[in-house]
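Okay, structure first, notes after.
Labels below follow one simple rule: chain letters A, B, ... track the order of the sequence lines, proteins then strands, and each chain is numbered from 1.
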Amino acid sequence: MTAQESTVAAQASSTSAQKSAGLNGRAMVEFRGVSKVYQTGHPAVDNLNLSIETGKITVFVGPSGCGKTTSLRMINRMVEPTSGIITVGGRDVSSIPAPELRRSMGYVMQQAGLLPHRTVLDNVSTVLRLNKVPRAQARKRSLELLETVGLSASMARRYPNQLSGGQQQRVGVARALAADPPVLLMDEPFSAVDPVVRAELQQELLRLQRELAKTIIFVTHDIDEATVLGDTLAVFASGGRVAQYAPPEEILRAPIDDFVAGFVGRDRGFRRLSFSPGDSLPIHPVPTVLWGATLPNTAANPDDAEAGATPAATAGSEWVLAVDAHNRPQGWLLRGSHAASTPLELIPGGSLFRDGDPLRNALDAALSSPSGWGVAVDAEGKVTGVVKAAQVLAAIDAARESRY
Amino acid sequence: MQWFLANLEQVLNLTGYHLIQAVVPLVLSVLIAIPLAQLARLNKVAGGIILSLGSLLYTIPSLALFVILPSILGTKILDFSNIIVALTIYAVALLVRSTLDALNSVDDTIRQAATAMGYKPLQRFLGVDLPLSIPVLFAGLRVISVSNISLVTVGSLLGIPSLGFFFTDGLQRNFPTEIVVGIVGTLVLALLMDVVLVLVQKLLTPWLRTAKPMPALASDLHTAAVEA
């Protein structure tokens, strides 16, 4: 039922007659019949109608060359639309002088786009100085912002070429936030950094957003990044039209057409588990041994072993979880029948299922664990028990059955 | 050497004149070439005209220009301003092209970033484009500075005082020492000017003196999930 309704709504939003599809909250940015046609005659953006909710992250996602960056740039008039109206906070952007409009919103781009001849502090101060804020005051505010984005004050005097890619992006975010704009435009800001730093920057952005509640419009071609960050996704298709405009969970569950289904990819079923809470999953006790100073011949935690849940007793061998002194998982040990003669070897473990994580992490923990048991930990990283893939699947089934 | 020491006062005097005739056109040419180059960058038609005119002007022989200018400007033939105007023309002709290269060397994404921050066009040109084009701009300036120093000597054929006086005077008196002093003096002057330009460039581009990127901070290396 829900799926049908959303399908209808999404279809309506992609037809030309439809006025901007209203969401629950009030709109900060609105596109009304916006098109951009370049001289070649091909529309880069074709009759875009979108209403972007205040205080949320809206992600423009799609393959390259489908008009998502062009659409973003029309908001701050880096690109002028051929037809249609864009409003920000109710004001038609074409009625505001471009430099003034741009200073009223933050802009973060790929490769950070920092001014290489200015120090980090001066880069962050840029918009404040353009707005004629006194130098001392601008610097004070900029120093605060460096801290907000997780950079130490010692970075302030450095030049951008002395920073790593991730640090540069943080400075880019600080600079965009400096004038405390209500709207933040982010154009593939994390696409040039390595996956580990990227994941870290994504989490930082979500943390900042919880504090600041800006209206963020974020462009990416990465559906994973889009589902992690977005409150709402606008999936752009070739020809500059929006194929689907919905929360990520809905797009993964009910892609509106073959294009969206193809774009969200083969793993969409697995990816959607990111939106299924994992708190109802049964956590089983697990035998543990202290790994480190002493040889792990005996279970250091007899209570757990006595609890009866011997995880995988196959062919005379059993898996035991090695932990450190703080009960944090270190890896798995296979206690075989001939273990007495051969020294035990620590087998690296899989990913962890943290308290509060969705089912996706639980399933991945189980699938990536050499023992077949996914290790569950609490917020401090201490072992709370293990989960089994079959039970995760059962939980997924239960969730699906309760939906229909 | 003895002759040099005996005539030190004259050498220094002429060096002073020489320097003025070389430096003033250099400064004027920078002030003229930068707006012209930006105009050439923004307008293809204007750019074509400016660049061809520059090449054309540079083909005029210097002696001819020194002789013609007084009748155009209404100055006396021995006026310094003839040399200064002539050398400015040559310098601008050369510098427009290298300034254009310099402005084109600025990364377009940085330009766009500045525009997106809300820089107005002139603000951006002075605050972003120009400072970032300094390295390439100064490479051009250094060539012109040397060329100016040597061109100034031609003025001595008309009797305008510079180190070139030692060439004409030495030749007439068949006195090689004087000619050598003139040549060495010109070379030293050209070298000193070059050193000064290099120093000025370093002063103006502190961001290029910084070391290679620092190793990433722990926060960057820190992985979200500890593998277990």
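In terms of heavy-atom pairs under 4.5 Å with chain A, the best-connected choice from Ala116(B), Gly127(B), Pro131(B) is Ala116(B). Among Gly113(A), Ser369(A), Pro116(A), Ala176(A), the residue making the largest number of heavy-atom pairs under 4.5 Å with chain B is Pro116(A). Of the listed residues Leu208(B), Asp107(B), Ile110(B), the one with more heavy-atom pairs under 4.5 angstrom with chain A than any other is Ile110(B). When each of Ala179(A), Pro99(A), Ser104(A) is scored by its heavy-atom pairs under 4.5 Å with chain B, the top score falls to Pro99(A).
Interface residue Leu114(A): only backbone heavy atoms are found under 4.5 Å from chain B. For Arg73(A), the part lying under 4.5 angstrom from a heavy atom of chain B is the side chain only. Neither the backbone nor the side chain of Pro121(B) has a heavy atom closer than 4.5 Å to any heavy atom of chain A.
Within 6.0 Å of CD in Glu147(A) there are 12 or fewer heavy atoms belonging to other residues, nucleotides or ligands. Counting heavy-atom neighbours within 6.0 Å of Tyr90(B) OH, excluding the residue itself, gives a total above 12.
The two residues Leu115(A) and Tyr119(B) have their closest heavy-atom pair at CD1-OH, 3.7 Å. Closest non-hydrogen pair, Arg175(A) versus Ala113(B), comes out as NH2-CB, 4.2 Å.
Expressed to the nearest 0.5 Å, how far CZ of Arg103(A) lies from NZ of Lys120(B) amounts to 5.5 Å. Atom CG of Leu132(B) sits about 9.0 Å away from atom CZ of Arg118(A), to the nearest 0.5 Å. The CD atom of Gln110(A) sits 11.5 Å away from the CD atom of Gln112(B) when rounded to the nearest 0.5 Å. The CE atom of Met117(B) lies 9.0 Å from the CG atom of Leu130(A); values are rounded to the nearest 0.5 Å.
Residues of residues 119-127 of chain A that come within less than 4.5 angstrom of chain B, heavy atom to heavy atom, are Thr126(A), Val127(A) in numerical order.
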